[in-house]
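We use all heavy atoms of the structure for the numbers below, so side chains are in, but hydrogens, waters and symmetry mates are not.
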Amino acid sequence: MPTVLELRGITKAFPGVLANDHIDLTLEQGEIHALLGENGAGKTTLVNVLYGLYTPDEGQIFLNEQEVHIHSPNDAIAHGIGMVHQHFMLIPVMTVAENIALGNETQKLFGVNLTIAARRSRHFLRTINPLPHFQHAAPQLYRTSLSALGWALVCLILFGVESLFILLGQTTAAILAFLLSLVWMPVLIDCLRKPAESFRETGRGAKAAWIAIVLAGNAIGALAYYFLIARRRLLPWPQKWQASLANLGAVVAATFVLGRGASAIGLTAVVISVAGFVFRLLAYPSLIYLGLWAILGVYLLLLEVLVWLTELVPLGLKTDAERVRRISHQYGLDVDPTAYIKDLSVGAQQRVEIVKALYRQADILILDEPTAVLTPQESDELFEIMRGLVKQGKSIVFITHKLKEVLAVADRIAVLRDGRLVGETTPAQATETSLAAMMVGREVILTVTKESAQPKEVILTVEDLHTEDDRHVPVVRGVTFEVRAGEILGIAGVQGNGQTELVKVLTGLRPATGGHVWITGTETTHATPRQVIELGTAHIPEDRQGDGLVLTYPVCDNLVLCTYYKPPFAKGVVINDQEVFKQADNLVDLFDIRTPSIFLPASNLSGGNQQKLIVARELSRPIRLLVAAQPTRGLDVGSIEYIHKRLVEKRDQGTAVLLVSAELDEIMSLSDRIAVMYEGKIVYTVDAAQATREELGLWMAGAQKQEESH
């Protein structure tokens with residue numbers, strides 16, 4: 001197959017970190033090329049360079065054997081490169097079609113594609129625009145012309161106030177303002193541009209140009225009044241006396257701006273100079289007052305035009321929705337263009353992201369950790385979609401940490417370690433063990449080794465617990481279970497069956513609507529997160545960015561979020577920075593958090609390193625209960641191995657562990673007991689030693705429950 005993409009010597013460095021070190025990579029048409037590597041190995045940086053989010057320090061990019069320069073995502077999209085980010089770039093309150101077409105909306109009127117017409121018009125205007133040539137040939141004259149143009153626009157806007165006077169019933173004031181404006185506007189302009197001593201020499205009377213400006217300004221004022229009052233009724237004052245007072249203020253301001261009285265009564269030059277100075281002081285606030293009227297009118301004019309244009313959008317969205325439906329059906333993605341993003345499952349949102357790339361005619365797709373938030377069933381569906389895409393000629397760069405997925409779906413595999421390409425292979429030549437060793441640089445134990453559990457006293461008790469989701473729909477319905485010290489209870493289930501809400505209730509992040517929760521004998525049904533933490537509870541949240549980190553805080557502060565107010569990190573209300581920094585240095589080394597500095601904001605870390613930061617914080621303090629929701633999501637095999645060992649260590653030290661994971665293999669290998677959650681209820685509980693994948697899978701899908709009901 002022909003090579004559609006080639007990276008040669010791509011190098012990208014950040015302060016203290018060489019993220020990509022002379023990486024060479026090729027992608028052929030119709031293939032899935034997997035990128036493997038530890039957290040911080042440089043995978044996401046490499047594809048961000050390809051997508052235009054970063055500019056490489058060295059190296060070249062070739063598409064179809066032609067060198068290209070990609071400086072932004074717009075450039076990448078124009079070259080047929082699309083990217084599905086690890087954290088979805090979707091707007092929840094918008095529909096599928098609106099998200100996909102965002103920035104590329106189609107607007108049609110009477111069969112004319114307004115979007116294309118507008119683009120062509122902008123291109124034509126840029127082509128014939130003489131200003132750049134004018135500026136280059138005569139820069140001083142160019143600046144003077146811009147100044148004159150600016151003043152002309154000011155005149156045009158300010159004179160619109162007079163029409164407002166007329167239409168508001170202030171006829172006399174409007175006529176006076178109009179007549180006086182023929183005189184004072186030239187004076188005003190000259191006064192603001194000349195020193196006070198030349199005030200006597202300012203122009204008298206109205207030239208033809210000023211008359212034209214006044215008339216045009218009045219026309220604009222009339223239109224502004226129509227949209228301001230007659231159509232939208234948006235006046236800020238509801239009562240007549242308030243309107244009269246505002247109009248009187250405008251007339252007084254216009255009188256101050258006039259300033260011609262000093263010359264009319266024949267004052268001396270000295271007095272005229274003083275009058276000119278006073279005039280300047282009064283002119284500025286008066287102009288501001290009058291300008292507010294005019295700006296409001298112009299704003300509403302623009303608003304009306306935009307409203308008119310948005311009335312055309314449904315016509316365009318209908319076309320966009322049809323195109324989205326056609327593309328999704330063509331590639332087997334099947335998304336509903338009219339559905340709102342907030343109502344879709346995570347797997348469906350993943351499909352929307354892929355359709356968005358295809359909508360922009362992408363031939364090369366970059367999938368960054370696409371299965372990190374998917375259930376096993378959704379992952380299998382995604383793999384079928386990927387195979388269908390390559391059959392239709394698309395090429396895919398696939399980033400993942402999951403070795404089984406790579407062996408199942410990839411055509412070629414490239415492994416990165418410490419920013420370098422350390423090897424390439426194919427699934428036929430590789431095994432999980434060999435890939436793990438290439439990633440980490442050492443042999444990795446992929447199975448969990450643990451002794452039999454020795455359960456002791458009950459730490460967590462949940463009795464008939466109920467809660468609702470954000471739509472006030474019951475999602476946890478009568479859940480009851482116990483977790484004892486020295487054991488791991490795994491909660492298995494397809495994503496969306498209430499596990500997320502259950503964990504949030506247990507940790508104080510969501511209110512319960514019924515039932516009871518006890519931690520170490522203390523009822524915590526309606527406790528706050530701080531109260532839950534004070535009872536010795538650690539929480540590894542499912543949403544690491546929303547619930548686990550303060551992204552704008554540095555790494556060091558995020559590592560003490562649960563203990564910053566206690567010794568040795570604080571004495572009273574004073575933070576001991578040195579102890580915070582010392583703790584951060586120790587945990588960064590112990591948990592291998594890849595960061596150039598403990599002062600780097602958490603938002604700058606990769607997803608896997610953000611997860612390791614949370615795990616380090618939660619496991620580094622004395623705890624009685626550990627609630628771990630998706631604890632290894634987004635982690636590489638080496639980090640997964642380390643986290644699994646620490647969870648087992650905590651269990652052996654007498655900690656009660658509640659493990660919630662969408663990875664059935666993780667549940668089965670770590671748990672001592674397994675509870676299956678389906679439709680908000682615990683439907684099956686079994687000792688892990690007696691559980692089988694087939695039986696658990698049936699319970700997770702609800703099949704066993706349906707059979708028993710018959």
> Step by step, would you call Lys356 with Leu90 a side chain to side chain contact (heavy atoms under 4.5 Å, CB included)?
Replying inline: CA-CA 10 Å; Lys356 184 166 69 173; Leu90 299 172; 4.0 Å; yes
> Do you know which two heavy atoms are closest between Gly52 and Pro73, and how far apart they sit?
Replying inline: O-CD, 3.8 Å
>> To the closest 0.5 Å, what do you measure between CG (Asp543) and OG1 (Thr500)?
In response: 9.5 Å
>> Just so I know, are the side chains of Tyr642 and Phe591 near enough to count as touching, which here means a heavy-atom distance under 4.5 Å?
In response: yes
> Which distance, rounded to the nearest 0.5 Å, do you find between the OH of Tyr331 and the CG of Leu389?
Replying inline: 7.0 Å
>> What's the separation between atom CG in Asn20 and atom CG in Leu421, rounded to the nearest 0.5 Å?
In response: 10.5 Å
> Which pair of non-hydrogen atoms, one from Arg544 and one from Ile614, has the smallest distance, and what is that distance?
Replying inline: CB-CD1, 3.4 Å
>> Parallel, tilted or perpendicular: which one describes the rings of Tyr51 and His85, with boundaries at 30° and 60°?
In response: perpendicular
> Stepwise, does the side chain to side chain contact (heavy atoms under 4.5 Å, CB included) test hold for Ile61 with Ile10?
Replying inline: CA-CA 8 Å; Ile61 300 174; Ile10 296 297; 4.1 Å; yes
>> With side chain to side chain contact (heavy atoms under 4.5 Å, CB included) as the criterion, how do Ile341 and Ile91 come out once you've worked through the C-alpha distance, each side chain's angles and the decisive distance to 0.1 Å?
In response: CA-CA 7 Å; Ile341 295 297; Ile91 302 174; over 6 Å; no
>> Checking side chain to side chain contact (heavy atoms under 4.5 Å, CB included) between Val676 and each of Leu696, Val686, Leu698, which is the one that passes?
In response: Leu696
> So, are Arg693 and Asp665 salt-bridged, with charged N and O less than 4.0 Å apart?
Replying inline: yes
>> For a 4.5 angstrom cut-off between non-hydrogen side-chain atoms, does Leu659 reach Ile667?
In response: yes
>> Between Glu322 and Arg325, does any side-chain N to carboxylate O distance fall below 4.0 Å?
In response: yes
>> Could you go through Arg387 and Glu384, starting from their C-alpha distance and side-chain angles, then the distance that decides it, and tell me whether this counts as salt bridge (Lys or Arg N to Asp or Glu O under 4.0 Å)?
In response: CA-CA 5 Å; Arg387 295 185 184 102; Glu384 289 300 318; 2.9 Å; yes
> Are there more than 12 heavy atoms of other residues, nucleotides or ligands under 6.0 Å from atom CD of Gln361?
Replying inline: no
> Roughly how far, to the nearest 0.5 Å, is the CD1 atom of Ile23 from the NZ atom of Lys43?
Replying inline: 10.5 Å
> Would you call Glu542 and Gln499 a side-chain contact if the rule is heavy atoms closer than 4.5 Å?
Replying inline: no
> Between Ser328 and Val355, what is the shortest heavy-atom contact and its length?
Replying inline: CB-CG2, 4.1 Å
>> Testing the basics here: between Leu549 and Gln610, what is the closest heavy-atom pair and its distance to 0.1 Å?
In response: CD1-CB, 3.7 Å
>> Within the structure provided, determine whether Asp672 and Arg651 are in side-chain contact (heavy-atom separation under 4.5 Å).
In response: yes
>> Could you check whether Arg594 pairs with Asp418 (Lys NZ or Arg NE/NH1/NH2 to Asp/Glu carboxylate O, under 4.0 Å)?
In response: yes
> Just wondering, do Leu25 and Leu46 contact through their side chains at under 4.5 Å, heavy atoms?
Replying inline: yes
>> I need the Gln29 CD to Asp363 CG distance, nearest 0.5 Å.
In response: 8.0 Å
> How about Leu502 and Val660: do any of their side-chain heavy atoms sit closer than 4.5 Å?
Replying inline: no
> Yes or no on side chain to side chain contact (heavy atoms under 4.5 Å, CB included) for Thr632 and Val615, after CA distance, side-chain angles and deciding distance?
Replying inline: CA-CA 9 Å; Thr632 58; Val615 172; over 6 Å; no
>> Could you tell me if the side chain of Met386 sits less than 4.5 Å from the side chain of Val409, heavy atoms only?
In response: yes
> Of all heavy-atom pairs between Gln350 and Val84, which one has the smallest distance, and what is that distance?
Replying inline: OE1-CG1, 3.1 Å
>> Ignoring hydrogens, what is the shortest heavy-atom contact between Ala688 and Ser671? Give both atom names and the distance.
In response: CB-O, 3.0 Å
> In Å and rounded to the nearest 0.5 Å, what is the CG to CD distance from Leu509 to Glu501?
Replying inline: 11.5 Å
> Do Leu5 and Leu63 have side chains that get closer than 4.5 Å, going by heavy atoms?
Replying inline: yes
> Side-chain donor-acceptor pair under 3.5 Å between Glu666 and His644, yes or no?
Replying inline: yes
